[in-house]
Amino acid sequence: MLNLADLEARVARLESRNYVSMRYGRVTGTKDGEAQIQLNGADEHNTNSYQMLQRRVLRDQRIKLPDIGDTALVLESGQGEEQGAYLGAPYSQAVPGPGQEQQVAYSKYGDGTELWYDRKAHKLTAKVKGDVSIEAKGTVSVTSETGIKLRAPFIGLAVL
(Lines give C-alpha, C1' and ligand atoms only; values in the text may rest on other atoms or scores of the structure.)
Protein backbone atom coordinates (compact mmCIF):
# COMPACT_ATOMS: atom_id res chain seq x y z
CA MET A 1 0.00 0.00 0.00
CA LEU A 2 1.35 3.43 -0.95
CA ASN A 3 2.09 5.62 2.05
CA LEU A 4 2.02 9.25 0.90
CA ALA A 5 4.07 10.54 3.84
CA ASP A 6 6.86 8.02 3.15
CA LEU A 7 6.81 8.87 -0.55
CA GLU A 8 7.00 12.62 0.15
CA ALA A 9 9.90 12.07 2.57
CA ARG A 10 11.76 10.01 -0.05
CA VAL A 11 11.24 12.63 -2.74
CA ALA A 12 12.47 15.35 -0.37
CA ARG A 13 15.60 13.31 0.41
CA LEU A 14 16.25 12.75 -3.29
CA GLU A 15 15.73 16.41 -4.16
CA SER A 16 18.08 17.50 -1.38
CA ARG A 17 20.80 15.16 -2.72
CA ASN A 18 21.56 16.92 -5.95
CA TYR A 19 25.23 16.71 -5.02
CA VAL A 20 27.86 14.14 -4.13
CA SER A 21 27.99 13.05 -0.49
CA MET A 22 29.84 10.58 1.70
CA ARG A 23 27.87 8.56 4.21
CA TYR A 24 28.60 5.90 6.80
CA GLY A 25 26.83 2.65 7.47
CA ARG A 26 27.36 -1.08 8.09
CA VAL A 27 27.94 -3.89 5.59
CA THR A 28 25.03 -6.35 5.68
CA GLY A 29 26.04 -8.52 2.71
CA THR A 30 27.85 -8.82 -0.63
CA LYS A 31 26.66 -10.10 -3.99
CA ASP A 32 27.93 -9.88 -7.57
CA GLY A 33 30.51 -7.14 -6.97
CA GLU A 34 28.19 -5.05 -4.82
CA ALA A 35 28.03 -4.43 -1.08
CA GLN A 36 24.70 -4.18 0.67
CA ILE A 37 24.93 -1.29 3.13
CA GLN A 38 22.57 -0.21 5.89
CA LEU A 39 23.24 3.52 6.14
CA ASN A 40 23.45 5.13 9.59
CA GLY A 41 20.02 6.27 10.68
CA ALA A 42 18.23 3.91 8.28
CA ASP A 43 15.67 1.29 9.28
CA GLU A 44 17.29 -2.13 9.88
CA HIS A 45 15.50 -3.64 6.86
CA ASN A 46 16.50 -0.77 4.55
CA THR A 47 19.75 -1.51 2.73
CA ASN A 48 21.18 -0.16 -0.51
CA SER A 49 23.55 -1.89 -2.94
CA TYR A 50 26.74 -0.10 -3.90
CA GLN A 51 29.46 -1.06 -6.39
CA MET A 52 32.62 -2.16 -4.56
CA LEU A 53 35.87 -0.55 -5.68
CA GLN A 54 38.84 -2.88 -6.18
CA ARG A 55 42.41 -2.01 -7.16
CA ARG A 56 42.32 -4.23 -10.26
CA VAL A 57 39.66 -6.38 -11.91
CA LEU A 58 40.66 -6.95 -15.55
CA ARG A 59 43.71 -9.25 -15.70
CA ASP A 60 45.35 -9.18 -12.28
CA GLN A 61 42.81 -9.46 -9.50
CA ARG A 62 43.16 -8.79 -5.82
CA ILE A 63 39.68 -9.02 -4.46
CA LYS A 64 38.98 -8.38 -0.79
CA LEU A 65 35.32 -8.50 0.13
CA PRO A 66 34.23 -6.68 3.28
CA ASP A 67 33.19 -8.56 6.39
CA ILE A 68 29.55 -8.48 7.44
CA GLY A 69 29.32 -5.81 10.12
CA ASP A 70 32.28 -3.74 8.84
CA THR A 71 31.86 0.01 9.05
CA ALA A 72 31.19 1.23 5.52
CA LEU A 73 32.03 4.52 3.84
CA VAL A 74 30.01 5.13 0.69
CA LEU A 75 30.11 7.87 -1.92
CA GLU A 76 26.69 8.75 -3.30
CA SER A 77 26.47 10.45 -6.67
CA GLY A 78 23.48 12.66 -5.94
CA GLN A 79 21.28 10.68 -8.34
CA GLY A 80 19.37 8.89 -5.60
CA GLU A 81 20.22 6.46 -2.83
CA GLU A 82 20.75 3.64 -5.33
CA GLN A 83 23.64 5.39 -7.14
CA GLY A 84 27.08 5.34 -5.58
CA ALA A 85 30.10 3.28 -4.58
CA TYR A 86 31.32 1.48 -1.47
CA LEU A 87 34.76 3.02 -0.80
CA GLY A 88 35.84 0.72 2.00
CA ALA A 89 35.98 0.35 5.75
CA PRO A 90 37.67 3.23 7.57
CA TYR A 91 39.69 2.76 10.75
CA SER A 92 38.15 4.14 13.92
CA GLN A 93 38.71 4.29 17.68
CA ALA A 94 36.96 0.91 17.95
CA VAL A 95 39.14 -0.59 15.19
CA PRO A 96 42.44 1.33 15.07
CA GLY A 97 44.94 1.09 12.22
CA PRO A 98 47.84 -1.35 12.53
CA GLY A 99 50.38 1.44 13.04
CA GLN A 100 52.92 0.20 10.51
CA GLU A 101 55.49 2.44 8.88
CA GLN A 102 54.72 3.89 5.43
CA GLN A 103 57.08 1.54 3.56
CA VAL A 104 55.48 -1.57 5.11
CA ALA A 105 52.58 -3.36 3.40
CA TYR A 106 50.50 -5.24 5.98
CA SER A 107 47.69 -7.81 5.87
CA LYS A 108 45.97 -9.45 8.82
CA TYR A 109 43.37 -12.18 8.55
CA GLY A 110 40.58 -13.26 10.89
CA ASP A 111 42.49 -16.34 12.10
CA GLY A 112 45.42 -14.18 13.26
CA THR A 113 47.69 -14.79 10.25
CA GLU A 114 49.80 -11.71 9.47
CA LEU A 115 51.91 -10.76 6.45
CA TRP A 116 54.35 -7.86 6.18
CA TYR A 117 56.54 -6.64 3.38
CA ASP A 118 59.04 -3.90 4.19
CA ARG A 119 60.24 -2.53 0.86
CA LYS A 120 62.97 -0.44 2.53
CA ALA A 121 64.49 -3.45 4.33
CA HIS A 122 63.59 -5.82 1.43
CA LYS A 123 62.08 -8.25 3.94
CA LEU A 124 58.95 -10.42 3.70
CA THR A 125 57.61 -11.76 7.00
CA ALA A 126 54.70 -14.18 7.37
CA LYS A 127 53.22 -15.44 10.63
CA VAL A 128 50.80 -18.13 9.47
CA LYS A 129 48.34 -19.76 11.89
CA GLY A 130 48.18 -22.98 9.88
CA ASP A 131 49.85 -24.90 7.09
CA VAL A 132 51.74 -23.30 4.20
CA SER A 133 51.53 -24.87 0.75
CA ILE A 134 53.42 -23.82 -2.37
CA GLU A 135 52.48 -25.34 -5.72
CA ALA A 136 54.25 -24.61 -8.98
CA LYS A 137 53.96 -25.95 -12.52
CA GLY A 138 57.60 -25.00 -13.07
CA THR A 139 60.80 -25.06 -11.07
CA VAL A 140 60.89 -23.72 -7.51
CA SER A 141 64.21 -22.07 -6.77
CA VAL A 142 65.42 -20.75 -3.41
CA THR A 143 68.59 -18.68 -3.46
CA SER A 144 70.17 -16.84 -0.58
CA GLU A 145 73.40 -14.85 -0.40
CA THR A 146 73.79 -15.50 3.34
CA GLY A 147 72.27 -18.91 4.14
CA ILE A 148 69.12 -20.97 4.53
CA LYS A 149 67.86 -22.01 7.94
CA LEU A 150 65.30 -24.79 8.45
CA ARG A 151 63.97 -25.42 11.94
CA ALA A 152 61.29 -28.04 12.59
CA PRO A 153 60.75 -31.23 14.61
CA PHE A 154 60.80 -33.18 11.33
CA ILE A 155 62.18 -32.25 7.89
CA GLY A 156 61.34 -34.63 5.05
CA LEU A 157 62.78 -34.49 1.55
CA ALA A 158 61.51 -36.65 -1.27
CA VAL A 159 62.87 -37.07 -4.79
CA LEU A 160 60.27 -38.07 -7.34
Side-chain angles (χ1 to χ4, degrees), residues 20-77 79-160:
V20 174
S21 65
M22 287 196 309
R23 299 182 67 193
Y24 289 91
R26 292 255 173 244
V27 175
T28 60
T30 60
K31 183 179 178 187
D32 298 328
E34 294 189 345
Q36 283 75 48
I37 308 293
Q38 177 188 354
L39 296 172
N40 289 352
D43 164 302
E44 70 181 55
H45 300 293
N46 185 12
T47 63
N48 297 324
S49 290
Y50 295 93
Q51 289 289 318
M52 289 186 286
L53 300 181
Q54 301 292 337
R55 298 223 183 250
R56 293 181 172 174
V57 296
L58 183 60
R59 291 184 307 215
D60 299 335
Q61 295 189 5
R62 184 176 177 206
I63 309 300
K64 290 191 175 188
L65 299 177
D67 288 329
I68 305 302
D70 262 347
T71 298
L73 180 60
V74 297
L75 181 68
E76 292 185 332
S77 67
Q79 299 173 356
E81 292 179 348
E82 296 78 20
Q83 299 295 317
Y86 164 72
L87 300 178
Y91 288 114
S92 65
Q93 287 182 346
V95 183
Q100 84 269 17
E101 296 178 35
Q102 190 271 335
Q103 80 275 3
V104 177
Y106 175 77
S107 293
K108 182 177 181 180
Y109 297 89
D111 68 351
T113 294
E114 295 178 281
L115 305 172
W116 295 266
Y117 180 69
D118 184 331
R119 66 177 181 248
K120 189 174 181 181
H122 311 290
K123 182 177 181 180
L124 174 65
T125 303
K127 292 185 180 179
V128 180
K129 303 296 181 183
D131 295 337
V132 175
S133 175
I134 298 172
E135 294 183 26
K137 290 187 178 191
T139 301
V140 174
S141 176
V142 178
T143 304
S144 172
E145 292 181 8
T146 59
I148 297 173
K149 184 186 326 182
L150 299 174
R151 191 173 131 191
F154 172 78
I155 297 174
L157 299 174
V159 178
L160 301 178

inquiry  = According to ring pair (Phe, Tyr, Trp, His ring centres under 6.0 Å), does anything in residues 96-143 pair up with another residue at least two apart or in another chain? List the pairs.
reply    = Tyr106-Trp116
Side-chain donor or acceptor of [X] paired with backbone N/O of [Y] under 3.5 Å:
{"X": "Asp70", "Y": "Ala72", "answer": "no"}
{"X": "Thr113", "Y": "Lys129", "answer": "yes"}
{"X": "Gln36", "Y": "Thr30", "answer": "yes"}

Compile the donor-acceptor pairs under 3.5 Å between side chains in residues 86-96 and protein atoms, sequence neighbours left out, one pair per line.
residue, atom, partner, partner atom, Å
Ser92, OG, Ala94, N, 3.3
Ser92, OG, Val95, N, 3.2

ask   = CD of Gln102 to NZ of Lys120: how many Å apart, nearest 0.5 Å?
value = 10.0 Å
query = Rounded to the nearest 0.5 Å, how far apart are CE of Met52 and NZ of Lys64?
reply = 14.0 Å
Heavy-atom pair of closest approach, residues Gly69 and Arg26 = O-NH1, 3.2 Å
inquiry  = To check you understand the geometry: which heavy-atom pair defines the closest contact between Asn40 and Gly25, and what is its length?
reply    = OD1-CA, 3.4 Å
ask   = If we only count heavy atoms from C-beta on, is the Arg23 to Asn48 side-chain gap below 4.5 Å?
value = no
query = So do Leu65 and Ile63 actually touch side chain to side chain, heavy atoms under 4.5 Å?
reply = yes
message = Determine whether Tyr24 and Leu39 satisfy the following criterion, side-chain contact (heavy atoms from CB on, under 4.5 Å), listing intermediate values before the conclusion.
response = CA-CA 6 Å; Tyr24 289 91; Leu39 296 172; over 6 Å; no
Evaluation steps, side-chain contact (heavy atoms from CB on, under 4.5 Å), between Val27 and Ile37 = CA-CA 5 Å; Val27 175; Ile37 308 293; 3.8 Å; yes
request  = List in chain and number order the residues that pass side chain to side chain contact (heavy atoms under 4.5 Å, CB included) with Thr146, two or more places apart in sequence or in another chain; answer none if no residue qualifies.
outcome  = Ser144
query = Has Gln103 got more than 12 heavy atoms of other residues, nucleotides or ligands less than 6.0 Å from its CD?
reply = yes
